[in-house]
Structures are given as C-alpha cells and as structure tokens.
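Since the structure comes first, as structure tokens, the remarks are kept for the end.
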Amino acid sequence: MSASYSGNNAAKAGKIVNILKARFGEIPWWPGDTEEVMIGAILTQQTRWENVEQALQLLKERNLCTMAALNTADIPAIEAAVRCTGFYRIKTRRLKALAAFVVETCEGTAGMDTLPTATLRDGLLRVNGIGEETADSILCYGFGRPSFVIDAYTEHIARCAGITAPRSSLKHLFESVLEEEKTHVYHQAHAHIVEYAKRWCTKKRCNGCRIMALNG
DNA sequence: GACCAGGTCCTTG
DNA sequence: CAAGGACATGGT
C-alpha cells in the first residue's frame, strides 16, 4: 500500500484533498460578507476563531464592522472591540491600514471586485500586516476568488503526507490539483485540512501521517 | 503557572 | 536568506 502514496507531490496533495473531502463532506466555514471576512482575516492571526467571533460581534454592535467605519474610527474604540483577540494594538493598526487601502486606494470593495485576482493580491500584500495567508483568506472567502490558503496546518499536513516541496510552492501545488476556478472547492479543501489538523495534530502528539492511510 | 492559538514584521548574523 | 524576538488576550 505504501506504493500508492509514494508518488510525486501533486499526487500526494490530490490524495490529501480527496481523502479529507470523503471524510468530512460539506462543512460550514468562514461566514460573513466581504468586509467582515477582511476584518476577521486580520483578527484571526495567531488566534482562536471563537475569540474573533466575539470581537466581530462587538464591532457590529458598535457600527465598526465596515471598512468605511474603521477608516475614520478612533484608535481606542477599535482597540476596545478587538482586545479579546490578542495583539490588539498591532491588529488595530493593521485594520486601519487595510481600511485605508480599501477606502482610499480602491474606493471601496466594489472597486476591488473589478480587479484581476493577481492585481488584488499584490495590493493586499502591500498593506502592512497582510501576509500571504491573510491575503489569500480575503481573496478566497471574502471575494470568492480561487486562491488557495496555505497556513501552518496545511504545511504540517503536507509534511506528514511526505510532500517535499517548500512552503513557498505549496499554494501552487494544491491549486494544481483543485478544480480550476471552483471557489467552493477551494473553500472546502482548506476547511477540511484545518478541521483535521486542529483535531489530530497537536504539538505534543501528531497523527497527521494517518491521513494517507484513510480511505479516499 | 506553563503552553498554545487558522501570522506578520523587524532586526540580526 | 534563516533565525529569533515582539506583539497580548483567553482557553486548557
């Protein structure tokens, strides 16, 4: 059986995707409109999602859950709402930077919608505080673009599966095995990986390599 | 009390 | 370029 998953990296990536899809089926993942996803993408950096939900709720209650509002809001008001997500000072600065980019540079999310994915991605990456994972999360879940999200879990699972490619090429690798332009497939594939890794791969004990032994 | 959470930036060697 | 530190609250 080992021969069945000793092939090249793309074959292994494809197997991960198919096995986890068979195991989890359809699972809900990252709800919210475009602007809420953008905000959540920054707040979830190095933080549990449950804490992000609390902050999003506070932001909504205080009418701060839009780019326009964040762009003009007082720093302390934003900090108070996002404190429960940790790193609240730097995250407030990042939210401000993103809001300025959206409102001033793009003239709102409607303007961003018209940009090609590559252009939009480059723009997001230029915002201080937005790296590859945050940018791809925004593109994939906020704008419905097929831009696969590579996070620490994905890299970990890839290693467990024997994929030898460096992290920098994992995005391209997974995109090569996913149906083109099918955003929903991208959404679910990432969700499945996170769901599996969160449950079975901790620092203390890891069963990641067992993925490849499951039926897919 | 120690350790970790769906990263990113900045500084050093 | 790789490695190390800073950022900070909340849950186990």
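Below, chains carry the letters A, B, ... as their sequence lines are ordered, and counting in each starts from 1.
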Separation of the P atoms in dG10(C) and dT8(B), to the nearest angstrom: 22 Å
In whole Å, what is the span from the NE2 atom of H190(A) to the P atom of dG6(B)? 10 Å
Counter-base of dG1(B), judged by Watson-Crick or G-U geometry with both distances under 3.5 Å: none
When rounded to whole Å, the NE2 to P distance for the pair H156(A) and dA5(B) reads 11 Å
pair Q45(A)-E133(A): side-chain heavy atoms closer than 4.5 Å: no
Just the rounded figure in Å: distance from P of dC4(B) to CD of E50(A). 18 Å
Nearest-Å distance, CD (E79(A)) to C1' (dT9(C))? 13 Å
Gap in Å between the two C1' atoms, one belonging to dC7(C) and one to dA5(B), rounded: 14 Å
Rounded to whole Å, how long is the line connecting atom CG of L56(A) with atom C1' of dG6(B)? 14 Å
So for atom NZ, which belongs to K96(A), do other residues, nucleotides or ligands contribute more than 12 heavy atoms lying within a distance under 6.0 Å? yes
K171(A) and E175(A) ion-paired at < 4.0 Å: yes
Can you give me the N/O atom pairs linking the protein to nucleotides 7-11 of chain B at distances under 3.5 Å, or say none if there are none?
{"from": "dG7(B)", "atom 1": "OP2", "to": "Q46(A)", "atom 2": "N", "distance (Å)": "3.4"}
{"from": "dG7(B)", "atom 1": "O5'", "to": "Q46(A)", "atom 2": "N", "distance (Å)": "3.4"}
{"from": "dG7(B)", "atom 1": "N7", "to": "Q46(A)", "atom 2": "OE1", "distance (Å)": "2.9"}
{"from": "dT8(B)", "atom 1": "OP1", "to": "G131(A)", "atom 2": "N", "distance (Å)": "3.0"}
{"from": "dT8(B)", "atom 1": "OP1", "to": "G131(A)", "atom 2": "O", "distance (Å)": "3.3"}
{"from": "dT8(B)", "atom 1": "OP1", "to": "E133(A)", "atom 2": "N", "distance (Å)": "3.4"}
{"from": "dT8(B)", "atom 1": "OP1", "to": "T134(A)", "atom 2": "N", "distance (Å)": "2.9"}
{"from": "dT8(B)", "atom 1": "OP1", "to": "T134(A)", "atom 2": "OG1", "distance (Å)": "2.7"}
{"from": "dC9(B)", "atom 1": "OP1", "to": "G129(A)", "atom 2": "N", "distance (Å)": "2.9"}

Could you tell me whether R121(A) and D136(A) have a side-chain N and a carboxylate O separated by less than 4.0 Å? yes
If the threshold is 4.0 Å, N to carboxylate O, is there a salt bridge linking K60(A) and E36(A)? yes
From CD of E195(A) over to P of dG6(B), roughly how many Å is that when rounded to an integer? 11 Å
Does R48(A) make a side-chain N or O approach to OP1 or OP2 of dC4(B) shorter than 4.0 Å? no
Would you mind reporting whether I39(A) and L43(A) have side-chain heavy atoms less than 4.5 Å apart? yes
For R83(A) and dC7(C), give me the distance from atom CZ to atom P, rounded to whole Å. 16 Å
For R89(A) and for Q54(A), locate the closest nucleotide of DNA chain C by heavy-atom distance; then report the residue assigned to the nucleotide nearer the 5' terminus. R89(A)
How is K91(A) classified with respect to the nucleic acid when contacts are heavy atoms under 4.0 Å: base, sugar-phosphate, or nothing? nothing
Between C1' on dG11(C) and NZ on K198(A), what's the gap in Å once rounded to a whole number? 13 Å
Gap in Å between the two P atoms, one belonging to dG5(C) and one to dC4(B), rounded: 15 Å
Could you tell me whether the side chain of Y141(A) reaches within less than 4.5 Å of the side chain of H190(A), counting heavy atoms only? yes
